[in-house]
Every structure is written in structure tokens, then in C-alpha cells.
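Residue numbers count from 1 along this sequence.
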Amino acid sequence: MNAARQAIASDYMHWAKTCSNARFNLATSGLANLKLEELRVSLSDLELTGEAGYGYQPLIRLLADRYRVEADCVVTAAGTSFANHLAMAALIKPGDEVLLESPAYEPLLALAHYLGAEVKRFQRRFEDGFKISAAEIERHLSSKTRLIVLTNLHNPSGVLTDDDTLKEIGEMARKRNARILVDEVYLQMLFAEPPRSAFHLGNQFIVTSSLTKAFGLSGIRCGWILAEPELAERMWLLNDLFAATSVHAAERLSVVALEQLAGIARKAQQRVEINRKLLNQFLDDRNDLEAIRPPFGSIMFPRVKLETSQRVCDLLRDKYETSVVPGSFFEMPAHFRVGLGGDSETLTQGLERVGKALDELR
């Protein structure tokens, strides 16, 4: 990918918006979108306009209670993507060194370039189960490193990073006066109450998340950042330049959704567990694919043996009305990402077509 192109756009997001839709869409990475009628909501729950200020306080309080943090640690934003933008923009300045995982979610990489960072990479290797190695991170740290960026669960593999590893990375960052930004949008697919979060491991951690992936609520754009109060205030003030005020009706809907989240989560967990079994059964029957198979989350990242994935992805789209995400968007062209948050029938028929495409290319 061209660095200048990365500085002004996301190649992956452009592809997702213009090329990913298909009759059998396995490219979406979160739960299928809920319909408004599935929420217990009435007109009395909504208003178009609220009081101007830094955050809708009922929403701030619900998020603070959910994570067991103080309210002044919570910053709301339009989804995880904008939360990442706001957080990173507050944490670095042009020329700062940022250490970012590879493979990576491409919009995070593009964002670091857009903000003028000097980007270095640490590897999460397929042969190691895409696990983070603290020693690998330390090998790439320098006195100029200002920020370490990672996803947990990892996007694209769905692999969990344990707290002991995160604590070790946190201590490395503390010694160098650096921060760690953790995108935790998929971590909610552990469906723990309260949610597990690296934010509780030390002030050097800043985390982002949203209701999008685990709960099928992308349309209300309920995202947030957890940061120590001084940083959180800096983000609120910086947001005056970006978004100024939030869409109040979406804030009110977010409150409604959070109040009903336990029931939404139960249904979501049942769906991904059923679909994970379907995907694992498919992988069991394929000797031309190999994959790390995490026991949770809504994504997997299989590798095509003896092939790049692009021919498979193109054939799926052109002939079989099926889409998966090409691994080239994650800098690993032998792989493709499969989402398992949709309905089970679509997944079953989509996987059947993935098998046919692989067989045809043998």
C-alpha cells in the first residue's frame, strides 16, 4: 500500500463500503444488526436535542458503572473508529514514534500515518498462534516510542492477549514514558460482566470500544474511550474541533440499549457459539486451509495452503456470490478473514461456496 494514500484514506474501509456486499456476506465481523423493533423503545425515550456539554451524563454514568470507573474517565465517541481517532490524536503529535502490531486492522495503521507518526511494527506470527510476545515488543521499543497500539481480541485473528502479557507491556511503556492504546471492541465477545479491560492495569493504558461488534448496534454509533481524567479532558476538548456535539437521539438510544444489554448479549453469545461450531466443522474437513481457532469472538483468519487468498476471494465474489475479507488488507495475502456473527444459514451456505471455490482452484 502506498504511504501517501494511507495518509488520506483507508483502503480497507473503501473496499468494505463498495465491494464487500454479497448474497452470502461472510466479510462482516460483528453481530448482525439489530432492528429498532428489537429494542424496547418508545418516543418518550427519545429527543432530538439535549443540553450542550461534554457528554450525555446518563450515558456517561452507565458506561462508568459498566466498567467500574469514575465518570471523568469516560469519553464518548461515534463508534470505535472515531474513538481510536480521537484517542490517538490526543496522544501523539507529528513525528512521534508509534509501535503498532502486524498484522493490523488497516484503519489503525492508516490513522497513525494520517496523524504524521513515525510508524514501527512488531510481529504477531501465525506460527505462534498470533500471540503477542512482550520480548518482541521490547525489541522494537526505543526512547522515542510514545505509543504502542494493539487490538484485543486481535483483529484479524480473534486471539486474546492475557492480562499478564499486558502488564508486562505496561511496565515497559511506563519505564519509557509511553502509552498503550488497546482497541477492545471485540473483547466484549467474552460477554463478561463487568467487561474485562486493560484500563484497570494502569494509567498508561487507554482503551476504546463500542456497542457495534458484540451486540449488533452499529447504527447508533455508541463508542467510548477510557482514559485517566487529564487525558480524557484533553480528548473532550480536542473533539470540539472534530465533532463538537454528538447526535442526541443516538445518545438516548444508547442508554436504552445499555439498559437492555444483558438480554441482547445472551442472544449474541448463543449465535456466535453456534456459528463457531459450523466454522470449525468446515475447517475440520479442509486440508487446504489452516487456522488459529480462538474459542471466542466473531472472526477467524484462515490461511490458504499453497495459494494466496486473492484468487479465492475473487472467484467467490465473481462466481459464488460470496464475500470474505482478503488477507492483503491485513498485510497477509495468504489469509482471508471470515466473520461468524451473521445468521447461521448464510454462514452455512457461504462456507459451502468457499469450499467449492477452493476445490475449483486446486
Side-chain angles (χ1 to χ4, degrees), residues 10 12 16 27-31 80-81 83-84 87-88 98-112 119-137 140 147-170 173 180-192 195-199 201 205-210 212-214 272 276 279-280 283 290-303 309 324-341:
S10 163
Y12 167 71
T28 56
S29 59
L31 267 289
T80 314
S81 292
N84 285 330
M88 202 181 296
V98 172
L99 181 58
L100 198 146
E101 64 190 6
S102 176
Y105 178 53
E106 187 268 349
L108 280 172
L109 180 59
L111 173 59
V119 180
K120 294 174 63 177
R121 313 298 299 280
F122 69 91
Q123 297 299 311
R124 299 176 64 136
R125 295 179 177 85
F126 176 82
E127 293 75 16
D128 299 326
F130 288 117
K131 292 180 180 179
I132 285 180
S133 163
E136 166 75 0
I137 289 179
H140 289 87
L147 183 65
I148 302 165
V149 181
L150 56 97
T151 55
N152 194 25
L153 308 174
H154 179 223
N155 189 4
S157 74
V159 169
L160 172 71
T161 300
D162 62 83
D163 284 354
D164 288 342
T165 300
L166 290 170
K167 288 176 184 176
E168 193 172 352
I169 298 167
I180 306 158
L181 176 61
V182 187
D183 179 332
E184 293 184 344
V185 70
Y186 291 101
L187 192 62
Q188 292 192 85
M189 287 190 180
L190 299 182
F191 297 108
R196 182 175 178 172
S197 178
F199 181 68
L201 302 180
F205 288 92
I206 299 93
V207 307
T208 58
S209 193
S210 75
T212 297
K213 298 298 183 184
V272 295
R276 184 174 300 106
L279 181 53
N280 279 328
L283 292 170
E290 51 190 349
I292 308 303
R293 305 192 201 183
F296 25 61
S298 62
I299 50 177
M300 286 194 201
F301 197 46
R303 181 164 72 179
S309 73
V324 295
V325 183
S328 56
F329 288 114
F330 304 96
E331 310 160 285
M332 300 194 79
H335 292 250
F336 60 90
R337 195 187 70 186
V338 180
L340 47 136

(message) Quick one, Phe130 and Pro156 - any side-chain contact, counting heavy atoms below 4.5 Å?
(response) no
(request) Indicate the atoms forming the closest heavy-atom contact of Ser210 with Thr80, along with that distance. (result) OG-OG1, 2.8 Å
(message) For a side chain to side chain contact (heavy atoms under 4.5 Å, CB included) check, start with the C-alpha distance between Glu136 and Asp128, then their side-chain angles and the critical distance, and finish with the verdict.
(response) CA-CA 12 Å; Glu136 166 75 0; Asp128 299 326; over 6 Å; no
(message) Strictly distance-based, threshold 3.5 Å: is any side-chain N or O of Glu168 a donor or acceptor partner for the main-chain N or O of Ala134?
(response) no
(request) Starting at CG of Leu166, measure out to CG of Leu201 and round the result to the nearest 0.5 Å. (result) 6.0 Å
(message) Please report the interatomic distance OH(Tyr105) to CG(Leu100), rounded to the nearest 0.5 Å.
(response) 12.5 Å
(message) Looking at every non-hydrogen atom in both residues, tell me the closest pair between Ala87 and Leu181 and how far apart they are.
(response) CB-CD1, 4.0 Å
(message) Going by the rule salt bridge (Lys or Arg N to Asp or Glu O under 4.0 Å), which residues pair with Asp163 if we only count those two or more places apart in sequence or in a different chain?
(response) Arg196
(message) With a 3.5 Å distance limit and no angle check, can you tell me whether Glu101 reaches the backbone of Thr151 through a side-chain donor-acceptor pair?
(response) yes
(message) For a 4.5 angstrom cut-off between non-hydrogen side-chain atoms, does Leu160 reach Leu187?
(response) yes
(message) Would you say NZ of Lys131 has more than 12 non-hydrogen atoms from neighbouring residues, nucleotides or ligands within 6.0 angstrom?
(response) no
(message) Tell me the closest heavy-atom pair linking Ser102 and Arg121, and the distance in Å.
(response) CB-NH2, 3.3 Å
(message) Using the rule side chain to side chain donor-acceptor pair (under 3.5 Å), only one of Ser29, Ser298, Ser209 pairs with Tyr186; which is it?
(response) Ser29
(message) If I take atom CG from residue Leu108 and atom CG from residue Asn155, how far apart are they, to the nearest 0.5 angstrom?
(response) 8.5 Å
(message) Just verifying a value: how many Å separate Thr28 OG1 and Leu340 CG, rounded to the nearest 0.5 Å?
(response) 9.5 Å
(request) Looking only at non-hydrogen atoms, find the nearest pair between Ile180 and Leu150 and report the distance. (result) CG2-CD2, 4.2 Å
(request) Compare all side-chain heavy atoms of Leu109 with those of Glu331 and state whether any distance is below 4.5 angstrom. (result) yes
(message) How close do His335 and Phe126 get, counting heavy atoms only, and between which atoms?
(response) CE1-CD1, 3.5 Å
(request) Could you grab the distance from atom CZ of Arg337 to atom OG of Ser157, nearest 0.5 Å is fine? (result) 11.0 Å
(message) So that I know where these two stand, are Phe301 and His154 an aromatic pair - ring centroids less than 6.0 Å apart?
(response) no
(message) Any non-hydrogen side-chain atom of Lys213 less than 4.5 Å from a side-chain atom of Gln188?
(response) no
(message) Quick check against the 3.5 Å criterion: does Arg276 have a side-chain atom that pairs as donor or acceptor with the backbone of Arg293?
(response) no
(request) Check the pair Met189, Leu31 against side chain to side chain contact (heavy atoms under 4.5 Å, CB included), reporting the backbone distance first and the verdict last. (result) CA-CA 10 Å; Met189 287 190 180; Leu31 267 289; 3.6 Å; yes
(request) Considering non-hydrogen atoms only, spot the tightest contact between Pro107 and Ser10 and give its length. (result) CG-OG, 3.5 Å
(message) Checking Arg303 now: which residues fulfil salt bridge (Lys or Arg N to Asp or Glu O under 4.0 Å) with it, not counting sequence neighbours?
(response) Glu127, Glu290
(message) As an exercise, state the distance from CG of Leu111 to CG of Asn84, rounded to the nearest 0.5 Å.
(response) 7.0 Å
